[in-house]
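The next block holds one structure in the form of structure tokens; read it before the comments.
As the structure lists them, so they are numbered: ligands from 1, and atoms in each ligand from 1.
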Amino acid sequence: MNMSEIKQFSDCKLRGELRHNVAMNKHVSWRAGGVAERMYQPADVADLQVFLRSLPVDEPLYVVGLGSNLLVRDGGVRGTVLLMHGALKELRVESANTLYVEAGVAGAKLARFAATHQLSGAAFFAGIPGTVGGMLAMNAGCYGSETWQKVQRVLVINRRGELFQRSAEDYEIGYRHVAARPSPQSSPASGRGGDREKHDSIPAQEEWFVAAWLKFEAGDSDTARQEIKTLLNKRIATQPLNLPNAGSVFRNPPNDHAARLIELCGLKGKQIGGAQVSEKHANFIVNVGGSTAADIENLIKEVLDVVDMKTGVKLHPEVRIIGEAA
Ligand SMILES: Cc1cc2nc3c(=O)[nH]c(=O)nc-3n(C[C@H](O)[C@H](O)[C@H](O)COP(=O)(O)OP(=O)(O)OC[C@H]3O[C@@H](n4cnc5c(N)ncnc54)[C@H](O)[C@@H]3O)c2cc1C
């Protein structure tokens, strides 16, 4: 964005928070990485619509939740990071067994809310330290449950600020994989069409999750709370939660576990700079202190190479890597 565009942008009736040169290490669970040129945290869904309509056409945009599956390179992110956590936070009972939850709500909060409302089947969300938006984008899951198993429908927004409701049929959904199928011609769920002409040059294909309607089974609060407790204890026992990490770095290959292969290759404890393959869980890379994003990315590459060379299995990172090298 040039100076006049920034001014025009700031003059819009925005109610959220626009910041410049924001250190992304505060917004990713690895606690490493560079600076975002701009960061916008919308006040609510309506404010997000105004923001997207006011954004210059050529401004790069990247959506971030809790950054628990994200590596931001040390050279930082050109353009604007849209921060959902702490922004889109509505969470309510919509109807019997169905919750409406906005994209910025954390998994732990969702799990506790479901337990309070005597719903069962939401405990697994407590173990995933991301937002609902990030979990929808990743089809996050654990212990046999996955996010999209619970989805009735989702609310998405495009670059023009238009809202649409979509269902699971509109996506190709798999293990840590969600991709929109080619978009049908649909009319906006709400919002003003008046800005449309102005934005005809903006590609509308890219969409982000704003909210979801999730369906659970009827249960009881005590059992649901106990389930959350058991699950969290299991995580504490098996994961290196005392050090900054991004959960499992690699997707599990079919019928195998990435952690088993990494350990088999003698890579547990392997360190580059401040990044280390965890001694506790080989599919975790931990920041043992002062790690750069480059340390982490180089260690990821090293693991990929060694596992391929020694076992012939090509692992694929589950974590998303964005930004420029330093
Ligand atoms: C200790 C630990 C344990 C973990 N355990 C698990 C686990 O058991 N199972 C599991 O699946 N994952 C696990 N993870 C990984 C991570 O928590 C999940 O992938 C989570 O879904 C990421 O959510 P987030 O809000 O942090 O997303 P971010 O890391 O902020 O973003 C991840 C991706 O989602 C996209 N995204 C974020 N919000 C939106 C949105 N609103 N609309 C569209 N795209 C969006 C981003 O652009 C990015 O590409 C773990 C991570 C940690 C640190």
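- Shown in contact with Leu241 at under 4.0 Å from a heavy atom are these atoms of ligand 1, numbered in order with element: 1 (C).
- Ligand 1 places these atoms under 4.0 Å from at least one heavy atom of Gly67: 26 (O), 28 (P), 29 (O), 30 (O).
- Polar contact with ligand 1: present for Gly134 (N/O pair, distance under 3.5 Å).
- No hydrogens or angles considered: nothing links the side chains of Glu169 and Tyr171 as a donor-acceptor pair under 3.5 Å.
- At a 4.0 Å heavy-atom cut-off, ligand 1 touches Met135 through backbone and side chain alike.
- Using a 4.0 Å cutoff on heavy atoms, Tyr143 does not count as a contact of ligand 1.
- Judged by distance alone, the side chains of Glu59 and Thr80 do bring a donor and an acceptor atom under 3.5 Å apart.
- For His85, the closest heavy-atom approach to ligand 1 does not fall below 4.0 Å.
- The existence of a salt bridge linking Asp170 and Arg181 is excluded, since no basic side-chain nitrogen approaches an acidic carboxylate oxygen closer than 4.0 Å.
- One finds a salt bridge joining Glu90 and Arg92 here, because a Lys/Arg side-chain nitrogen approaches an Asp/Glu carboxylate oxygen to under 4.0 Å.
- Below 3.5 Å of separation, one finds an N or O of Thr131 facing an N or O of ligand 1.
- No donor-acceptor contact under 3.5 angstrom links the side chains of Thr230 and Asn233, judged on distance only.
- Close N/O approach between Asn245 and ligand 1 is not found [any backbone or side-chain N/O within under 3.5 Å].
- Contact atoms of ligand 1 toward Gly247: 2 (C), 3 (C), 4 (C), 50 (C), 51 (C), 52 (C), 53 (C) (distance under 4.0 Å to a heavy atom of the residue).
- More than 12 heavy atoms of other residues, nucleotides or ligands shown are found within 6.0 angstrom of CZ on Arg15.
- Atom numbering of ligand 1 starts at 1 in the shown order; those under 4.0 Å from a heavy atom of Ala246 are 51 (C), 52 (C), 53 (C).
- Atom 23 (O) of ligand 1 lies below 4.0 Å from at least one non-hydrogen atom of the protein.
- The closest heavy-atom contact to atom 6 (C) of ligand 1, among the options Met84, His281, Arg176, Arg235, comes from Arg235.
- In the candidate list Ile128, Val249, Leu243, Val178, Ile128 is nearest to atom 18 (C) of ligand 1, counting heavy atoms.
- Remark: the backbone N or O of Gly127 is paired with a side-chain donor or acceptor of Arg235 at under 3.5 angstrom.
- When the heavy atoms of Phe125, Phe209, Trp208, Tyr62 are ranked by distance to atom 48 (C) of ligand 1, first place goes to Tyr62.
- Atom numbering of ligand 1 starts at 1 in the shown order; those under 4.0 Å from a heavy atom of Ala103 are 41 (N).
- Atom 17 (O) of ligand 1 has Ser68 OG, 2.7 Å as its closest protein atom, hydrogens excluded (heavy atom only).
- Counting atoms of ligand 1 from 1 in the listed order, those under 4.0 Å from a heavy atom of Ala137 are 34 (O), 35 (C), 36 (N), 44 (N), 45 (C).
- Note on Phe124 and Leu232: same hydrophobic cluster, where clusters join Ile, Leu, Val, Met, Phe, Trp and Tyr whose side-chain heavy atoms are under 4.5 Å apart, directly or indirectly.
- For the pair Glu146 and ligand 1, no heavy-atom separation below 4.0 Å is found.
- Short contacts between ligand 1 and Ala140, defined as distances under 4.0 Å to a heavy atom of the residue, involve ligand atoms 10 (C), 11 (O), 21 (O).
- Side chains of Asn139 and Glu146: a donor on one and an acceptor on the other come within 3.5 Å.
- Under the side-chain hydrogen bond (donor to acceptor under 3.5 Å, both in side chains) criterion, Glu172 pairs with His177, sequence neighbours left out.
- Here's the thing with Val63: one of its N/O atoms is less than 3.5 angstrom from an N/O atom of ligand 1.
- Of all the listed residues (Ile321, Asn69, Val154), Asn69 holds the heavy atom that lies closest to atom 19 (O) of ligand 1.
- Clustering of Ile, Leu, Val, Met, Phe, Trp and Tyr side chains at separations under 4.5 Å places Ile296 together with Trp30, Leu71, Val249, Phe250, Leu261, Ile262, Leu267, Ile272, Val277, Ile285, Leu299, Ile300, Val303, Leu304, Val306, Val307, Val313, Leu315, Val319, Ile321.
- Every atom of ligand 1 with a heavy atom of Gly141 under 4.0 Å away is listed here by number and element: 7 (C), 8 (O), 9 (N), 10 (C), 11 (O).
- Glu263 and Lys268 are joined by a salt bridge, as a carboxylate oxygen and a charged side-chain nitrogen come within less than 4.0 angstrom of each other.
- For the pair Asn245/Ser29, no side-chain contact is recorded, criterion being any heavy-atom separation below 4.5 Å from C-beta on.
- In this structure, the protein non-hydrogen atom closest to atom 31 (O) of ligand 1 is Gly65 N, 4.5 Å.
- Distances from atom 3 (C) of ligand 1 to the heavy atoms of Ala106, Pro129, Ser248 put Pro129 nearest.
- Results of the side chain to side chain contact (heavy atoms under 4.5 Å, CB included) test with Gln152 over Lys215, Glu94, Gln165 single out Lys215 as the only residue that passes.
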